[in-house]
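In what follows, a single structure is set out as structure tokens and then discussed.
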Amino acid sequence: MAALLLGIGGIGGAVALTRGDSRPRAAATPVPRAGGAHPTGVPAPATTAVCRYLPSSDVPNGVRPATTPTNRPHLTSRPQIAITTGQGVIAVDLAANAAPCTVNSFLSLVHAGFYNHTRCHRLTTDTIYVIQCGDPGNDGQGGPGYRYDDENLPITRKPAYPRGTVAMANAGPGTNGSQFFLVYRDSDIDPNYSVFGTVTAGLDVMDRIAAGGADDSNGPGDGHPRLDVTISKVSWAD
């Protein structure tokens, strides 16, 4: 399966973030334990959403598909998680009310330890400013073995993806999986990616990763982070 990528290019227009070929592309014109149960008990539900998780073929060789989440999320309204990396800890406030199916999936993967010992495989430092993580194969190609619909798209926000935003990467509409991106500087990206959280601590960690630069393996300002950004664990912070 093609990689989840941030296409860079296009002067004067918003930049698209898609799963496509590995080369920078011109921007498009703008037009985000199964069930996410909290480990300390069952919280009051924040949503009555019914989610649709469909099979996908994005599981890397040698990796087990993740368990498909329950289609009826049972979530606290603002779950807090901590992403522990070799560069430091990034805390995130998850928007369960605005993006229940995305948060439900993310917490299901967290509960299963899906993100543990994976690398943030991509850093962009030109035109858009993100750190991309969540691929079990560590190369931008993989996912959990299921996909789901978009939600909480920031179509009225300018910029659509300000500093501190956490959103899903995708391969087009309805193809969300496990890969996500952290925005370390306001970015002009087409509003086609489900926003599901906000960084509440660790922006300095993101800045340090960005300052280390990319290896330009996907083109100038786009590639693997030069600093090693391995996620040792993702855990509940509340």
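Note that the structure is predicted; figures quoted are calculated from it, not measured. When reading the values below, keep in mind they use all heavy atoms of this one structure, side chains included, and skip hydrogens, waters and symmetry mates.
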message: Does any part of the side chain of Thr198, heavy atoms only, come nearer than 4.5 Å to the side chain of Thr165, both counted from C-beta?
response: no

message: Test your reading of the model: is there a side-chain donor-acceptor pair from Asp149 to the backbone of Gly174, 3.5 Å cut-off?
response: no

query: Quick check: does any side chain N or O of Asp215 sit under 3.5 Å from a backbone N or O of His224, one acting as donor and the other as acceptor?
result: yes

query: What pairs with Tyr53 under ring-ring contact (aromatic ring centres under 6.0 Å, His included), at least two apart in sequence or on another chain?
result: Tyr146, Tyr148

task: For the residue pair Pro69 and Leu107, establish whether any side-chain heavy-atom pair is separated by less than 4.5 Å.
output: no

- prompt: Does some side-chain heavy atom of Leu123 sit less than 4.5 Å from a side-chain heavy atom of Phe181?
  reply: no

- line: The reported gap from CD1 in Ile128 to CG in Asp188 (rounded to nearest 0.5 angstrom) is 9.5 Å

message: Under the criterion side chain to side chain contact (heavy atoms under 4.5 Å, CB included), I'd like the reasoning laid out for Arg52 against Asn71: C-alpha separation, chi angles, the key distance, then a yes or no.
response: CA-CA 6 Å; Arg52 184 180 66 157; Asn71 65 353; over 6 Å; no

- request: Flag the pair Pro144 / Pro65 as yes when at least one side-chain heavy-atom distance between them is below 4.5 Å, and no otherwise.
  value: no

query: Any chain of hydrophobic side-chain contacts (each under 4.5 Å) joining Met168 to Val59?
result: no

- request: Calculate, to the nearest 0.5 Å, the distance between atoms SG and CD1 belonging to Cys120 and Ile209 respectively.
  value: 6.5 Å

- request: Using a cut-off of 6.0 Å, state whether more than 12 heavy atoms not belonging to Arg226 lie near its atom CZ.
  value: yes

message: Would the distance check show the side chain of Ser178 and the main-chain N or O of Gly143 forming a donor-acceptor pair, the cut-off being under 3.5 Å?
response: no

- prompt: Are any side-chain N or O atoms of Ser187 and backbone N or O atoms of Tyr129, one a donor and one an acceptor, separated by less than 3.5 Å?
  reply: yes

task: Report the distance from atom OH of Tyr184 to atom CG of Leu203, rounding to the nearest 0.5 Å.
output: 12.5 Å

query: Looking at Arg163 and Asp207, does any basic side-chain N land under 4.0 Å from a carboxylate oxygen?
result: yes

- line: Note: Asp135 and Gln141 closest approach over all heavy atoms is OD2-N, 3.2 Å

field: Check: Thr124 side chain, Val130 main-chain N or O, donor-acceptor pair, under 3.5 Å
entry: yes

statement: Rounded to the nearest 0.5 angstrom, the CG-CZ distance for Leu75 and Arg72 is 13.5 Å

- line: Residues pairing under salt bridge (charged side-chain N to carboxylate O under 4.0 Å, His left out) where one sits in residues 173-186, two or more places apart or in two chains, turn out to be none

- request: Using modelled atom types only, decide if a donor and an acceptor are shared between the side chain of Gln80 and the backbone of Arg78 within a distance under 3.5 Å.
  value: yes

query: So, Asn116 side chain and Val234 main chain: donor-acceptor pair closer than 3.5 Å or not?
result: yes

message: When you compare the side chain of Pro173 with that of Asn192, does any pair of heavy atoms fall below 4.5 Å?
response: no

query: What closest approach, in Å, do Gly223 and Asn218 show between heavy atoms, and which atom pair accounts for it?
result: CA-ND2, 3.9 Å

message: Measuring from atom CG of Asp126 to atom CG of Asp222, what distance do you get when rounded to the nearest 0.5 angstrom?
response: 9.0 Å

- request: Return the minimal non-hydrogen interatomic distance between Val103 and Pro79, and the atom names on each side.
  value: CG1-CG, 4.3 Å

message: I'd like to check Met206 versus Ile90 (side-chain heavy atoms, cut-off strictly below 4.5 Å). Are they in contact?
response: yes

query: So which heavy atom on Gly221 is nearest to which on Ala214, and how close?
result: C-CB, 4.4 Å

query: If Ile, Leu, Val, Met, Phe, Trp and Tyr residues are connected whenever their side-chain heavy atoms lie under 4.5 Å apart, and connections chain through other members, are Val199 and Leu227 in the same group?
result: no

query: With a 3.5 Å cut-off and no angle check, do the side chains of Asn138 and His121 form a donor-acceptor pair?
result: no

query: Do Leu94 and Ile81 touch side chain to side chain, with heavy atoms closer than 4.5 Å?
result: yes

field: Check: Asn176/Asp150 side-chain N/O donor and acceptor closer than 3.5 Å
entry: yes

- request: Starting from the C-alpha separation in whole Å, work towards a yes-or-no answer on side chain to side chain contact (heavy atoms under 4.5 Å, CB included) for His111 and Trp236.
  value: CA-CA 9 Å; His111 183 88; Trp236 277 264; 4.0 Å; yes

Closest non-hydrogen atom pair between Pro136 and Val63, with its separation: CB-CG1, 4.0 Å

field: Under 3.5 Å donor-acceptor, Thr85 side chain and Gln87 backbone
entry: yes

statement: Smallest heavy-atom separation, Pro100 atom then Pro73 atom, equals O-CG, 4.0 Å

- prompt: Can you find a pair of side-chain heavy atoms, one from Val92 and one from Ile83, that are under 4.5 Å apart?
  reply: yes

query: Does atom CZ of Arg157 have more than 12 heavy-atom neighbours, drawn from other residues, nucleotides or ligands, at distances under 6.0 Å?
result: yes

query: Do Ile231 and Val166 belong to the same hydrophobic cluster, where Ile, Leu, Val, Met, Phe, Trp and Tyr are linked whenever their side-chain heavy atoms lie under 4.5 Å apart, directly or via other members?
result: yes

statement: To the nearest 0.5 Å, atom OH of Tyr161 lies from atom CG of Leu182 at 13.5 Å

Residue pairs fulfilling ring pair (Phe, Tyr, Trp, His ring centres under 6.0 Å) with at least one residue in residues 75-107, sequence neighbours excluded: Phe106-Tyr115, Phe106-Phe180, Phe106-Phe196

query: Any donor and acceptor pair, going by atom type alone, linking the side chain of Gln179 with main-chain N or O of Gly140 inside 3.5 Å?
result: yes

